[in-house]
Amino acid sequence: MVVILHRNATEAQIENVIKHLEGYGFQTHKSIGVERIIIGAIGVKPNFDTRNISILDGVDEVYRVTTPFKLAGRNFQETNTVVKIKDVEIGGNHVVMMSGPCSVESEDQIFHLAKIVAESGAKILRAGAFKPRTSPYSFQGLGEEGLKLLRAAADQYNLLVITEVMQNEQIDLISRYTDIFQVGARNMQNFSLLKELGKISKPILIKRGIAATIEEWLMSAEYILAGGNKDVILCERGIRTFENYTRNTFDLSAIPVVHKKSHLPIIADPSHATGIRDQVPPMARAAVAAGADGLMIEIHHDPESALSDGPQALLPSTYLKLMDELRLIAKAIGRTL
Ligand code: PEP
Ligand code: MN
């Protein structure tokens, strides 16, 4: 940690800062520059609250030089984590598609869409059976019936399943049907859920919270890793900003930032990020170009009658065309899709 003091900090203030730092267990090193006095605080304390120092008299700024996340960080593991499920690898050279409707709605619907997903070359079928809806009056998902239909449709077309878990009590049930657990944006900081998911042996995809910084998101991943589950996948799905021409603001820059700071795979979800069908293909193409390890895309053959997120669902024809475009982009950057 680096502590920068005011230009005219008094000797007593400097001594007080040093006394506090040493009290917290840091070794200190003072350097007096032409313009500033800098105290280097040496010691690894990932959960030290820097405000303890920044509020002291005479202090201008405090900077961390280490990250508060440890297991999720590149410093901890230099090579990329590759999450393997049967013959699918997430975080390797292949860009992995997770496609399907927002929700499982009926047997006809999920089988119809699973067929399209398989024909597109995607390996993972996405759909929710437990839905986190902003309104309690909106469709809440089919529950276990939805999980059964989702598993059956995926098995029929040799696909893996990803579906959302919203609370601890659902883990055992969902575990019987899914290959990957999805933690939704609204649950990114449901720490009790994250702790439970740290104890299981299936991969967890954790979406970025609606107003979460990348550091907070990586700290949530850290909860799962700290519990012993190493198979964590991050998913950028847009954050809340003042912009309202899009449902959320797609933070594409999170992709290279995460790749630099963490060894975990990161995929992108342009469907929830933009919320409008027309905006999904351009942002999907951009995400692959930016280095996403995979994409989550919502599709529907009859979006007007969809029970959730119809306006952002791609029609099968648009989705299949997009897949061809994405393959070209992946190839241009030396990847496959
Ligand atoms: C979803 O994937 O359908 C979903 C609810 O996503 P998010 O948590 O990103 O809103
Ligand atoms: Mn959705």
Side-chain angles (χ1 to χ4, degrees), residues 96-105 109-110 113 117 122 124-136 138-143 146-147 150 160-167 170 174 178-190 193-194 197 203-212 214 216-217 220-221 224 232-241 246-252 254-255 258 266-277 279-280 283-284 287 292 294-315 319:
V96 177
M97 298 297 298
M98 307 181 184
S99 316
C102 182
S103 305
V104 185
E105 298 170 359
Q109 176 244 22
I110 196 68
L113 291 170
V117 171
I124 304 177
L125 180 63
R126 70 136 284 145
F130 295 99
K131 296 302 302 177
R133 305 305 301 280
T134 302
S135 165
S138 301
F139 176 60
Q140 303 285 310
L142 293 182
L147 294 173
L150 179 59
L160 297 176
V161 164
I162 178 165
T163 197
E164 178 161 356
V165 58
M166 286 167 54
Q167 56 201 60
Q170 295 166 344
I174 296 177
T178 201
D179 299 294
I180 308 172
F181 282 89
Q182 173 174 323
V183 175
R186 290 157 193 79
N187 265 317
M188 188 203 84
Q189 288 191 321
N190 180 342
L193 180 63
L194 301 178
L197 293 171
I204 314 295
L205 176 137
I206 179 161
K207 288 199 171 190
R208 182 171 178 185
I210 286 166
I214 295 173
E216 287 163 341
W217 186 21
S220 290
I224 304 168
V232 178
I233 305 151
L234 298 159
C235 176
E236 166 61 47
R237 49 78 73 202
I239 47 174
R240 181 67 58 85
T241 67
T246 52
R247 183 181 182 189
N248 292 292
T249 296
F250 192 19
D251 184 7
L252 263 182
I255 298 168
V258 165
I266 172 168
I267 74 152
D269 170 355
S271 303
H272 292 88
T274 63
I276 308 285
R277 184 170 308 131
Q279 297 166 2
V280 174
M283 297 322 287
L295 293 182
M296 175 171 275
I297 305 264
E298 287 188 349
I299 61 172
H300 206 292
H301 53 294
D302 183 11
E304 277 173 23
S305 68
L307 298 178
S308 59
D309 283 347
Q312 69 193 32
L314 293 187
L315 286 161
Y319 166 66

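In each ligand, atom 1 is the first atom listed, and ligand 1 is the first ligand listed.
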A quick test of your reading: do over 12 heavy atoms of other residues, nucleotides or ligands sit less than 6.0 Å from CZ of Arg133?
yes
Below 3.5 angstrom, do we get any N/O pair linking Asp309 and ligand 1?
no
I'd like to know if the side chain of Trp217 and the backbone of Ile206 have a donor-acceptor N/O pair within less than 3.5 Å.
yes
Could you find the nearest protein heavy atom to atom 6 (O) of ligand 1 and give me its residue, atom name and distance?
Lys207 NZ, 2.9 Å
Between Lys131 (side chain only) and Cys102 (backbone N and O only), is there a donor and an acceptor less than 3.5 Å apart?
yes
For residues Asn248 and Thr274, determine if any side-chain heavy atom of one lies less than 4.5 Å from a side-chain heavy atom of the other.
no
Worked check of side chain to side chain donor-acceptor pair (under 3.5 Å) between His301 and Gln109:
CA-CA 8 Å; His301 53 294; Gln109 176 244 22; over 6 Å; no
Which atom, among the N/O/S set of Asp309, is closest to the Mn ion (ligand 2)?
OD2
In the protein, which heavy atom is nearest to atom 9 (O) of ligand 1, and how far is it?
Arg237 NE, 2.6 Å
For atom 8 (O) of ligand 1, grab the closest protein heavy atom and report residue, atom and distance to one decimal in Å.
Ala185 N, 2.8 Å
Please give me the minimum heavy-atom distance between Ile255 and Ala268, naming the atom from each residue.
CD1-CB, 4.3 Å
Opening angle between SG in Cys102 and NE2 in His272, taken at the Mn ion (ligand 2), to 10 degrees:
170°
Numbering the atoms of ligand 1 from 1, which are under 4.0 Å from a heavy atom of Lys131?
1 (C), 3 (O)
Which heavy atom of the protein is the closest neighbour of atom 5 (C) of ligand 1, given with residue, atom name and distance?
Glu164 OE1, 3.7 Å
Considering only the protein, which heavy-atom contact is closest to atom 4 (C) of ligand 1, and what is its distance?
His272 NE2, 3.4 Å
Test salt bridge (charged side-chain N to carboxylate O under 4.0 Å, His left out) applied to Arg126 and Glu298, step by step:
CA-CA 8 Å; Arg126 70 136 284 145; Glu298 287 188 349; 3.3 Å; yes
Answer key: the N, O or S atom of Glu298 nearest to the Mn ion (ligand 2) is OE2
Atom 2 (O) of ligand 1: closest protein heavy atom, distance to 0.1 Å, is Arg126 NH1, 2.7 Å
Just wondering, do Gln140 and Phe130 contact through their side chains at under 4.5 Å, heavy atoms?
no
Any N/O pair Arg186/ligand 1 closer than 3.5 Å
yes
Look only at the side chain of Arg277 and the backbone of Gly310, and say whether a donor-acceptor pair between them is shorter than 3.5 Å.
yes
Can you tell me if Gly128 has a non-hydrogen atom under 4.0 Å from ligand 1?
no
Under 3.5 Å, is there a donor-acceptor pair between the side chain of Asn187 and the main chain of Asn190?
no
Atoms of ligand 1 less than 4.0 Å from Gly184 heavy atoms?
8 (O)
What atoms in ligand 1 come closer than 4.0 Å to a heavy atom of Cys102?
3 (O)
